[in-house]
Amino acid sequence: MAKHAVLSSGAKLWRSLACANSELRLDLTLACGQSFRWRETAEGHWTGVIGGRVWTLTQTDDTLWYYVYKKQDMRKEGRDEKRKAGISLQEENESEKKFEGPLKKEDEEPVAVTSVLDTEEEDKMLRDYFQLNVKLVDLYMAWGAADPHFKSIADIFTGVRMLRQDPTECLFSLICTSNNNITRIQGMVERLCQAMGTPLFQLDETSYYDFPSLSALADSSVEERLRDLGFGYRARFLHQSAQKILNTHGPQWLEGLRSVPYLQAHNALRTLPGVGTKVADCVCLMSLDKAEAVPIDTHVWQIAKRDYKYATVNRQKSITDKIHRELGDFFRKLWGPYAGWAQAVLFCAELRKFQKLKQMPHLKQPKKEEENEDEMTVVCKKVKN
DNA sequence: GCTATACCTTG
DNA sequence: AAGGTATAG
């Protein structure tokens with residue numbers, strides 16, 4: 001059986017991109033609740049699915065390493081993808097001859113066999129998924145200059161980056177998050193893929209699946225099946241949203257929202273059952289290229305009140321749509337057009353599992369100020385509750 | 001517009 | 001209560 005790849009025992013089969021630690025931290029970015037399917041399969045090694053392929057990622061100081069698992073006979077699928085991308089089959093066949101060697105039987109042990117075209121494509125896929133064209137260090141600098149509180153967090157929580165996720169996976173995963181916790185959400189999404197997604201690869205007893213297609217999610221049996229899998233009332237939302245998208249818009253509708261303005265995309269998503277202001281903003285930010293979308297959840301609401309002394313005129317108890325708009329505008333004014341990215345850094349710093357980072361000694365420890373200690377005390381107190 | 005309540009499950 | 005949403009008043 002194939003095993004999860006580890007860099008130290010097979011570096012030759014890995015490929016890499018230049019990418020500084022300050023631009024990307026896998027441990028924070030892949031586990032801060034924007035995606036739910038990455039697992040740490042070895043120390044510092046993260047395995048998950050991008051674009052219908054299974055990847056393991058790890059990093060050293062200035063390098064992002066990646067390993068893509070390939071079955072020997074994935075060539076038909078590869079051809080289809082390349083035909084879509086406008087790459088001629090002749091060209092591909094030549095590269096296959098050069099780099100794949102003689103054909104092997106279908107049932108042989110899976111091995112990584114990679115043509116130059118795959119390498120270029122996968123390099124591109126990874127840059128796209130992590131949006132490496134966005135210079136995070138520059139953004140951190142600007143956010144820190146405009147906002148002292150951000151700066152106090154940013155020295156520890158470096159490299160927190162928004163992923164550019166598949167819109168379908170993002171939408172249907174986020175519908176699962178209402179009134180829920182990350183641990184349970186991860187289990188739910190995993191069961192969803194296992195039950196309704198295409199199997200991709202098996203590694204060490206773990207099977208990896210593609211995220212279910214819209215048409216699979218729209219099948220009439222879905223609500224009942226998801227209820228059996230413990231989705232609760234969200235089962236109906238998932239099914240109804242899939243049906244509504246296919247019946248009234250078409251399969252390309254979600255992707256199409258990438259090229260319309262933020263508010264238009266936001267309002268379009270809100271017409272789907274189970275999608276309110278918060279989920280719509282998450283989907284906009286995490287999969288539809290709307291960097292200005294600032295999802296306001298209970299954490300961010302607490303952050304706003306505690307760290308920014310944010311107060312509303314009527315002292316509302318709950319997060320109303322009006323608060324969403326006003327608080328979003330407040331953060332956009334403070335942080336600028338990538339406000340959603342900055343929000344993700346503070347959100348990450350708020351997560352229970354990352355509190356220990358705040359207590360670890362780190363190099364860029366700013367001078368000890370009373371204000372900093374107060375904030376630390378508040379956070380620690382919060383963790384206990 | 002704002003508030004209250006139900007909604008599935010799990011810890 | 002947990003990263004909310006839909007509904008009625």
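Please read all numbers here as calculations on a predicted model, not as lab measurements. Convention: sequence-line order gives letters A, B, ...; per-chain numbering from 1.
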**Prompt:** Looking at DNA chain C, which of residues 272-279 of chain A put a heavy atom within less than 4.0 Å of it?
**Reply:** A:L272, A:P273, A:G274, A:V275, A:G276, A:T277, A:K278, A:V279
**Message:** Just verifying a value: how many Å separate A:W65 CH2 and A:T56 OG1, rounded to the nearest 0.5 Å?
**Reply:** 14.5 Å
**Request:** Give the rounded distance in Å between these two atoms: CD1 of A:I185 and P of C:dT5.
**Result:** 12 Å
**Interatomic distance, A:I175 CD1 vs C:dA2 P [rounded to whole Å]** = 21 Å
**Request:** Could you tell me how the ring of A:F157 sits relative to the ring of A:F354: parallel (under 30°), tilted (30 to 60°) or perpendicular (over 60°)?
**Result:** perpendicular
**Message:** My validator wants the stems of DNA chain C: runs of 3 or more consecutive Watson-Crick or G-U pairs, both distances under 3.5 Å, written as range with range.
**Reply:** B:2-7 with C:4-9
**Neighbour count above 12 (heavy atom, 6.0 Å) for A:E40 CD** = yes
**Request:** Using the P atoms only, state how far B:dT10 lies from C:dA6, rounded to an integer number of Å.
**Result:** 23 Å
**Asked** In whole Å, what separates the P atom of C:dT5 from that of B:dG11?
**Response** 23 Å
**Item:** Atom-pair distance (CD on A:Q302; P on C:dG4), nearest Å
**Value:** 11 Å
**Message:** Check for me, please, whether A:L163 and A:V68 land in the same ILVMFWY cluster - side-chain distances under 4.5 Å, paths through other members count.
**Reply:** yes
**Asked** Using a cut-off of 4.0 Å on non-hydrogen atoms, how would the nucleic acid contact of A:Q34 be classed: base, sugar-phosphate, or nothing?
**Response** base
**Message:** Could you tell me how far apart A:H324 (NE2) and B:dC2 (P) are, to the nearest whole angstrom?
**Reply:** 12 Å
**Message:** Rounding to an integer number of Å, can you tell me how far A:D281 CG sits from C:dG3 P?
**Reply:** 18 Å
**Prompt:** Quick check: are there more than 12 heavy atoms from other residues, nucleotides or ligands sitting under 6.0 Å from CG of A:N247?
**Reply:** yes
**Centroid-centroid under 6.0 Å between A:Y308 and A:F331 rings** = yes
**Prompt:** Can you check side chain to side chain donor-acceptor pair (under 3.5 Å) on A:T58 and A:Y67, steps first, answer last?
**Reply:** CA-CA 9 Å; A:T58 191; A:Y67 187 106; over 6 Å; no
**Request:** Take atom OH of A:Y338 as the centre, draw a 6.0 Å sphere, and report whether it contains more than 12 heavy atoms from other residues, nucleotides or ligands.
**Result:** no
**Message:** Whole angstroms only, please: what is the CD-P distance between A:Q186 and C:dA2?
**Reply:** 17 Å
**Asked** Given A:L351 and A:C32, is the side-chain contact (heavy atoms from CB on, under 4.5 Å) satisfied, shown in steps?
**Response** CA-CA 8 Å; A:L351 291 176; A:C32 66; 4.2 Å; yes
**Asked** When rounded to the nearest 0.5 angstrom, what distance separates CZ in A:R161 from CZ in A:R25?
**Response** 13.5 Å
**Item:** Salt bridge A:R15-A:D118, side-chain N to carboxylate O under 4.0 Å
**Value:** no
**Message:** When the C1' atoms of C:dT7 and B:dG1 are compared, how many Å lie between them, rounded to an integer?
**Reply:** 15 Å
Under-3.5 Å N/O pairs linking protein and nucleotides 6-10 of chain B:
| unit_1 | atom_1 | unit_2 | atom_2 | d |
| --- | --- | --- | --- | --- |
| B:dC8 | OP1 | A:R227 | NH2 | 3.1 |
| B:dC8 | O5' | A:R227 | NH1 | 3.1 |
| B:dC8 | O4' | A:Y233 | N | 3.0 |
| B:dC8 | O2 | A:R184 | NH1 | 3.4 |
| B:dC8 | O2 | A:R184 | NH2 | 3.1 |
| B:dC8 | O2 | A:R234 | NH1 | 2.9 |
| B:dC8 | N3 | A:R234 | NH2 | 3.3 |
| B:dT9 | O4' | A:R184 | NH1 | 3.4 |
| B:dT9 | O4' | A:R184 | NH2 | 2.7 |
| B:dT9 | O2 | A:R184 | NH1 | 3.2 |

**Request:** Select base, sugar-phosphate, or nothing to describe what A:C32 touches, counting heavy atoms under 4.0 Å on all strands.
**Result:** base
**Asked** Between atom CG of A:L57 and atom OG of A:S16, what is the distance when rounded to the nearest 0.5 Å?
**Response** 12.5 Å
**Request:** Round to a whole Å and report the spacing from CD1 of A:I319 to P of C:dG3.
**Result:** 12 Å
**Request:** Provide the distance between the two P atoms, one in C:dA1 and one in B:dA6, to the nearest whole Å.
**Result:** 15 Å
**Request:** Have a look at A:I182 and say if it touches a base, only the backbone sugar-phosphate, or nothing, with a 4.0 Å heavy-atom cut-off.
**Result:** base
**Atom-to-atom span, CG of A:L269 to P of C:dA6 - whole angstrom** = 12 Å
